[in-house]
Every structure is written in structure tokens, then in C-alpha cells.
Engineer: 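Here it is, the structure, as C-alpha cells.
Side-chain atoms are counted along with the backbone in the values below, which use heavy atoms only and exclude waters and symmetry mates. A, B, ... follow the sequence lines: proteins, then strands. Residue 1 opens every chain.
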Amino acid sequence: MSGTPRQILGDRLRDALKAAGFDPVRGDVSASADMRFGDYQSNAAMVLAKEKKSNPRQIAADILSRLDVRGISAAPEVAGAGFLNFRLESEFLDSALGALAADPRLGVATAKIPQKILLDFSSPNVAKPMHVGHIRSTILGDCLARIARFLGHEVITDNHIGDWGTQFGKVIYGWKHFLDREALARDAIAELVRLYREVNRMEETDEVVRRVAREELVKLQAGDAENLAIWKETVELSWREFEKLYGLLDIRFDERLGESAYNDALAPLCEELQRRGIARESEGALCIFYPGIPALAEKPAIIRKSDGGFLYATTDLATIEYRLKHWRPDAIWYVVGAPQALHFQQIFAACRMMGIEANLVHIAFGSILGEDRKIMKTRSGENVGLAEVLHEAVDRARKMIAARQEGLTPEALESIAETIGIGAVKYAELSQNRHTDYVFSWEKLLALDGNTAPYLQNAYVRIRSIFRRGEVGADPGAAIRISVPAERLLAIKLLQYAETVPVVLEDFRPNILANFLYELANTYHSFYEACPVLKAEPEVRASRLLLSELTARILSHGLSLLGIRCPEKM
RNA sequence: GCACCCGUAGCUCAGUGGAUAGAGCACCGGACUUCUAAUCCGAUGGUCGCUGGUUCGAUCCCAGCCGGGUGCGCCA
């Protein structure tokens, strides 16, 4: 007998439905929201009663008479309008937790059909600092990559950085005329931003600067060696700055193919699309129209400007073509903000017209708003830098720990502070439904109390402390002895990890996992208050040690899927 | 004008057809000679924007409306 309680009960229920002559598709079982209604419940009888226009309680009784859940659940009761309520038996909990303890995957099955997934996220712009607006794509994308890999998918992460664009005319002009090498060495992006802003300001009043900056851009695009070298250096310097933050965030990419990688593909792509009749000229520009799609009927995508220049949409289409040719992925996932929904609708529709069959998904997320409830945008100049947020988070965590833990080496203190501070920032993002817009607040991102990463980490630390203090390990073969409700709740929660992780990818919602881990930590904290571990009688002690050990493993593992680490002390 | 997202406790948010809608923060009352109190236990707090519809059952699905955000032919 293997699988989660939900699977096992579901299988048994489907057997009973089949035997009773009902459609087994209706045989779904879910965890009960309320303990009074058992641990698991099914509303199959009510669904079937609707279809057959008959009495749900009678159907429930029919199902019950054919249902064999011996060894798993007590005989279910029919309740309310026709619910079947299951209550897991102690023997089942014991054997299921034994299996969990022996399973390195903690019960989580791999995907039935492993996919090759190209995952596009983060994508900062060169010569600009990453700000809090980049947080969601970066953290969400990394988390989805971790979870997809754990579930057995092949994932290629690609950071599609903004390394090409009109801003380089200004940056190159500034570089040539008033670059401060020392400042560049100190903080490359700050210096590049200064150059950009300086030139921008000069252009407002100086015709010549505007003209020369534009010429620098044209020279760059034409392959001028000097400008190309400057451009390349700005890209590398920027990347090094980004890597500091990615390092702090514990995030790595397999590929870093920026927009510039597709420059040579843009003109041929446009010609091909025009030749195939997918794109046609309109008012001097080359456009893709969507007459077959009502929502896009009035919204063509421009892929070549009337001056011959290419756009964002062109690069994205060329990027898809390259990715398909190069990696042959089953799916491409874009972790990009909701404001770009229309853009992706257009791009994906164009892909279908081109005959592309890969599963293209825009994993949209809500915007981070400023105090005025307007989207925080780069040009507002009011942006809070991502680096500032991360450093502030680590600072706050460091103060908190220093006040509680004495005798830590500076290195240990720093390591814990990073684990706690960065974890708090990541959790604040991941624990929230991705569609929700929210107003940026330091307090929200840096909170260390309540439903936060430190709360989950604390549960883990308490467990490690038990094992340190008791100088024991858990016996994975120990029998689970349930004597009080807190133990039972914890045991069932542990089994539900396997039911939770795969659901995250159904709609790309890490907050489902975050919420589960919060509930697990909460359940453990209650258990911790109610159930002494080390002082318990030998059999109970062994059982509680095993429950604790499993909790620690799942907390640590679940947090690692969110990209968050666990300290041993805090 | 068209399209997408959102509207749930004082505040911030979970909850995408099931039973009496949940957390955190804030506020109030308890629990540290105890395995880490970054914790636990309890109290207070709701016309789930409004109106209809579908359903045995709707915060959830459908229609309309109100309110907020965002996007929409030559930025990325």
C-alpha cells in the first residue's frame, strides 16, 4: 500500500463506485477542512445524486456497502447532505509514517509525464540597478525551477537580460566623455546610471549631444569595434553586480542569453513571416494581425517599425524560435508581470500561426505598487533597490540574533543573518498569491514575526535543538504511538506534504506550498508545547523523536523548494 | 471604446463548487525554575463590492452594475 492518504482512499472509493455501477471519475477525496468531519472527506455521493437526480444519502449508503477501507480508515460515516467522512486509523498512520521516514523523497511522487521546460525569469536591464520590481520574477521563477526539477522535469533556466536597446547610445556617449573609472570599479551600475542620466540631462538642452549619442548607437548597431567593446564591458560589469545579488539570493541560471543574442535573427524572421503571410505591412510598419481572435482583432503586434527598427515582440519571437530549435522544450514558461499579458497573448497567437506547438505559458504576477498605489516603475526614480532591501533584511536579522544568541563567531552570525533575512524576503513574496498587487512596504518584506520564514525556521531550529540536547537521533523504524490530538494532527500533516507539492505546478502557485509549511510549523509548535519529547516514556519518546525528525526534514525540504535555507540555531 | 487583474475582519492577506469563511498584524486576557517565548492557549472582530442567475449547496461559476489597478500601431 503506497501513496498518500488521499490517493489510497480515492482508489478505494473509485473501486466501490465501479462496483456499485457509478462513474468512478467522481471518486475524489480531499482533506477535511474541519476536524469534526474526519481527516478526509468525499462529496462523491452528492455529485452523483445530482447527475442521477436521486437521493444523495441513499447513494452514499450504496457506496458505503461496497467500500473497503480496512486498515486505512474507520468505517466512514455518512454526514450532512451526503458527505463520506474518513478517519485514519492509528495502524495506518504508523505504517505510512514508517514509509515516509524511509523515503528520501518524503512521499512526493515524480511527474507521470516528465517535461522539458525552458524557464524565462528575472531578466534585469543592463546598466540599471535591480529594484524591488524584479523581486517577484526572480524569486518566483527560481522557486518554480526548483519545484519542477524535484518533480522530475528537465528545466533550463534562461535569464533573458535586457542587454540591447536605445539606452546604449547615451551610455556610450557618457563613457567616452566623462567616465569615472574609480566610481566604475566601486559600483559599476551606479556609475553607468550616472552616465545615462547625465547624458539625458545634457540632451534636453544640447542638440549636438543628442545627435552624437544617436550616432554612437548607430555605430554600435553597425558593429563599430570601439563601441562594441564598451557595450560588452557594460554588460559584463552589470552582470557582475547582478551576480552579487543572485549569489545572496542563492539563485543560478543555466543560460544567460540576452536580447542581443538574437539581433541577427530579427531581419530574416520578419522576412519569413511576411513571406508566409503571417505579417503584412501597414502604415509603413510590419504587423501581425489576428483576424481570427476577437480579443486581438483591433490589436496588431508590430514587429518592424516604419524606420526599419525591430521591437520587443520581434526579439521575443526570434527567442522562441531559437529556444525551440536549440532545446526542443515541451514548454516555455515566462515569469513576467501581469501588465505584459497582452504582449504575450500576441506573441503566443503569432506562434500558433507559425505552427509552433510547444506549451507557452505566461506566469503573470501582480505589480508592486508605490505608496500612491501606482506601479513602481523605473522612470519614477523613486525605486527601492533590491540590494538595499536584501541588505536591510540581513541587518535586521543580524540584530535580532545577536540579541538572543551569544558566543557566535562573526562568520556564524553572518551566515544565520543571511539565512533568516533573505528567507524572510523570499517568503514574503512566495507566501502570497501571485496575482495580487501589493503596496511595497519595508515592514512587509522584512517582518520576522507571524507568518514568516523565521517562524518556519524556528520550528526547524527547535527540533534540531531537541536532538542536540538529547544527544540522540531518531530511529526511522520507531513505531508511531498516538496518545494526544497534537500528535495525530502532526502525523497527518506530515503525510500531506506529498499531496501538496505537485499541486503547486498546476497553476504555478508556490503560496500553496508556503501555506502548507506554515500550517506544518504551526502544528509542530502546538505539538511542541503539548508534548515533551526527551522526557517522555521510551516508546512515546521514540515516536515523538520520529515525528520531530520528519517535521524537520519536511520543513527543511519544503523551504529548500522555496529557495529558503534553514539555520541550525537562531 | 476594448482587454486583463483585483474588491473577503480595523490593516495586510489566505481561501478558484461543499458543512458554522480562515490566518498574520494590531488590540485584550493568560502561559517561560521546562526540549529555543522569533513560541503557545484564549477573547474580540465579517451584509465575502452590489444585483440577479445556475445549483441540493456559491466568496468561488455565469450575466449586469459599482469601485480600484493595468494594458492597448511604431519603448522594453
Engineer: Identify all side-chain donor-acceptor contacts of residues 164-172 of chain A below 3.5 Å with residues at least two apart in sequence or on another chain.
Structural biologist:
residue	atom	partner	partner atom	Å
A:Lys170	NZ	A:Asn200	OD1	2.7

Engineer: Give A:Ile401 one of three labels, base, sugar-phosphate or nothing, depending on what nucleic acid heavy atoms sit under 4.0 Å from its own.
Structural biologist: base

Engineer: Please measure how far the C1' atom in B:rC65 lies from the corresponding atom in B:rA9, and state the result in whole Å.
Structural biologist: 26 Å

Engineer: Atom CD1 of A:Ile303 to atom C1' of B:rA76: distance rounded to whole Å?
Structural biologist: 17 Å

Engineer: Would you measure the distance from the C1' atom in B:rC48 across to the matching atom in B:rG15 and give it in whole Å?
Structural biologist: 11 Å

Engineer: Roughly how many Å apart are B:rC72 and B:rC66, using the C1' atom of each and rounding to a whole number?
Structural biologist: 24 Å

Engineer: Pick the nucleotide of RNA chain B nearest each of A:Met570 and A:Phe310; which residue has the one closer to the 5' end?
Structural biologist: A:Met570

Engineer: Would you indicate, yes or no, if B:rG15 has its OP1 or OP2 atom less than 4.0 angstrom from a side-chain nitrogen or oxygen of A:Asn433?
Structural biologist: yes

Engineer: Please work out the stems of RNA chain B from pairs that are Watson-Crick or G-U wobble with both distances under 3.5 Å, keeping only runs of three or more consecutive pairs.
Structural biologist: B:1-5 with B:68-72, B:10-13 with B:22-25, B:28-31 with B:39-42, B:49-53 with B:61-65

Engineer: Atom CD of A:Gln340 to atom P of B:rA3: distance rounded to whole Å?
Structural biologist: 21 Å

Engineer: If we require ring centres under 5.5 Å and near-parallel planes under 30°, does A:Phe83 stack on B:rG18?
Structural biologist: no

Engineer: At less than 4.0 Å, is any side-chain N or O atom of A:Arg280 found next to OP1 or OP2 of B:rG73? Yes or no.
Structural biologist: no

Engineer: Using whole Å, report how far CZ of A:Arg57 lies from C1' of B:rA19.
Structural biologist: 12 Å

Engineer: Please step through salt bridge (Lys or Arg N to Asp or Glu O under 4.0 Å) for the pair A:Glu392 and A:Arg396, ending with a clear verdict.
Structural biologist: CA-CA 6 Å; A:Glu392 175 72 17; A:Arg396 290 193 185 199; 3.0 Å; yes

Engineer: Tell me, please, which residues at least two apart from A:Phe22 pass ring-ring contact (aromatic ring centres under 6.0 Å, His included).
Structural biologist: none

Engineer: Tell me if the side-chain of A:Asp449 makes a donor-acceptor pair with the base of B:rA26, cut-off 3.5 Å, by modelled atom types.
Structural biologist: no

Engineer: Is the base of B:rC74 touched by the side chain of A:Lys305 through a donor-acceptor pair closer than 3.5 angstrom?
Structural biologist: no

Engineer: Under 4.0 Å, heavy atoms only, any strand: does A:Arg36 hit a base, just the sugar-phosphate, or nothing?
Structural biologist: base

Engineer: Evaluate the ring planes of A:Trp333 and A:Phe508, with Trp represented by its six-membered ring, and classify them as parallel (under 30°), tilted (30 to 60°) or perpendicular (over 60°).
Structural biologist: perpendicular

Engineer: What residue pairs, at least two apart or across chains, pass side chain to side chain donor-acceptor pair (under 3.5 Å) with a residue in residues 424-433 of chain A?
Structural biologist: A:Arg136-A:Glu429, A:Tyr427-A:Asn451, A:Glu429-A:Tyr438

Engineer: Given the P atoms of B:rC60 and B:rG18, what is the spacing between them in whole Å?
Structural biologist: 11 Å

Engineer: Find out whether A:Phe242 and A:Asn159 are in side-chain contact, i.e. whether some heavy atom of one side chain is under 4.5 Å from a heavy atom of the other.
Structural biologist: no

Engineer: Just call it for A:Asp28: base, sugar-phosphate, or nothing, with non-hydrogen atoms closer than 4.0 Å on any strand.
Structural biologist: nothing

Engineer: What interatomic distance, in whole Å, is found between C1' of B:rC41 and the corresponding atom of B:rC32?
Structural biologist: 14 Å

Engineer: Within the 4.0 Å heavy-atom criterion, would you say A:Ser306 contacts the bases, only the backbone, or no part of the nucleic acid?
Structural biologist: base

Engineer: Using ring-ring contact (aromatic ring centres under 6.0 Å, His included) as the criterion, list what pairs up with A:Phe348, not counting sequence neighbours.
Structural biologist: A:Tyr334, A:Phe344

Engineer: For B:rG73, does OP1 or OP2 lie under 4.0 Å from any side-chain N or O of A:Tyr290?
Structural biologist: no

Engineer: Taking atom P of B:rA19 as reference, at what distance in whole Å does atom OH of A:Tyr40 sit?
Structural biologist: 17 Å

Engineer: Roughly how many Å apart are B:rU54 and B:rU44, using the P atom of each and rounding to a whole number?
Structural biologist: 38 Å

Engineer: Under 3.5 Å, side-chain donor or acceptor atoms of residues 285-308 of chain A against the rest of the protein: list the pairs with distances, not counting sequence neighbours.
Structural biologist:
residue	atom	partner	partner atom	Å
A:Tyr290	OH	A:Gln346	O	2.7
A:Arg304	NH2	A:Glu281	OE2	3.3
A:Asp307	OD1	A:Gly309	N	2.8

Engineer: Can you pull out every salt bridge (Lys or Arg N to Asp or Glu O under 4.0 Å) where at least one residue sits in residues 503-516 of chain A? Sequence neighbours excluded, please.
Structural biologist: A:Arg434-A:Asp507

Engineer: Applying a 4.0 Å non-hydrogen cut-off, can you work out what A:Thr436 is touching in the nucleic acid: base, sugar-phosphate, or nothing?
Structural biologist: sugar-phosphate

Engineer: When the distance from OH of A:Tyr438 to C1' of B:rC6 is rounded to whole Å, what number comes out?
Structural biologist: 16 Å

Engineer: What's the gap between B:rU16 and B:rG49 when it is taken at their P atoms, as a whole Å value?
Structural biologist: 15 Å

Engineer: Under a 4.0 Å heavy-atom cut-off, which of residues 511-524 of chain A touch RNA chain B?
Structural biologist: A:Asn511, A:Asn515, A:Tyr518, A:Asn522

Engineer: In terms of heavy-atom contacts, does CZ of A:Arg565 have more than 12 from other residues, nucleotides or ligands at under 6.0 Å?
Structural biologist: no

Engineer: Donor-acceptor pair, A:Asp437 side chain versus A:Ser367 backbone, under 3.5 Å?
Structural biologist: yes

Engineer: Distance check needed: B:rU12 C1' versus A:Trp442 CH2, whole Å only.
Structural biologist: 18 Å

Engineer: Check the angle between the aromatic planes of A:His343 and A:Tyr312 and answer parallel, tilted or perpendicular using the 30° and 60° thresholds.
Structural biologist: parallel

Engineer: I'd like a table of atom pairs between the protein and nucleotides 56-64 of chain B - only N or O on both sides, under 3.5 Å - with the distance next to each one.
Structural biologist:
residue	atom	partner	partner atom	Å
B:rG57	O6	A:Lys50	NZ	2.6

Engineer: Nearest heavy atom decides the nucleotide; on that basis, is A:Val461 or A:Ser431 closer to the 5' end of RNA chain B?
Structural biologist: A:Ser431

Engineer: Which is true for A:Leu342 with a 4.0 Å heavy-atom rule: it touches a base, it touches only sugar-phosphate, or it touches nothing?
Structural biologist: sugar-phosphate

Engineer: For the pair made of CE in A:Met35 and P in B:rU20, what is the distance, rounded to whole Å?
Structural biologist: 18 Å

Engineer: Using a 4.0 Å heavy-atom cut-off, does A:Lys299 contact any base of the nucleic acid, only the sugar-phosphate backbone, or nothing at all?
Structural biologist: base

Engineer: Please name all residues satisfying ring-ring contact (aromatic ring centres under 6.0 Å, His included) with A:Phe527, sequence neighbours left out, ordered by chain then number.
Structural biologist: A:Tyr524

Engineer: Would you classify A:Arg396 as touching base, sugar-phosphate or nothing, given that sugar-phosphate means primed atoms plus P, OP1 and OP2, and contacts are heavy atoms under 4.0 Å?
Structural biologist: nothing

Engineer: Could you state the CD-C1' distance from A:Glu298 to B:rG73, rounded to the nearest angstrom?
Structural biologist: 12 Å

Engineer: Checking A:Phe365 now: which residues fulfil ring-ring contact (aromatic ring centres under 6.0 Å, His included) with it, not counting sequence neighbours?
Structural biologist: none

Engineer: So which pairs with a foot in residues 529-542 of chain A pass side chain to side chain donor-acceptor pair (under 3.5 Å), sequence neighbours left out?
Structural biologist: A:Arg481-A:Glu539

Engineer: Remember a base hit wins even if backbone is also touched, and classify A:Ala338 as base, sugar-phosphate or nothing at under 4.0 Å, heavy atoms.
Structural biologist: nothing

Engineer: At less than 3.5 Å, do the side-chain atoms of A:Arg469 and the base atoms of B:rU34 form a donor-acceptor pair?
Structural biologist: no

Engineer: For A:Glu443, which contact category applies under a 4.0 Å heavy-atom criterion: base, sugar-phosphate, or nothing?
Structural biologist: nothing

Engineer: Would you say a side-chain N or O of A:Arg434 is under 4.0 Å from OP1 or OP2 of B:rC5?
Structural biologist: no

Engineer: Distance check, C1' atoms only: B:rG57 and B:rA21, in whole angstrom units.
Structural biologist: 15 Å

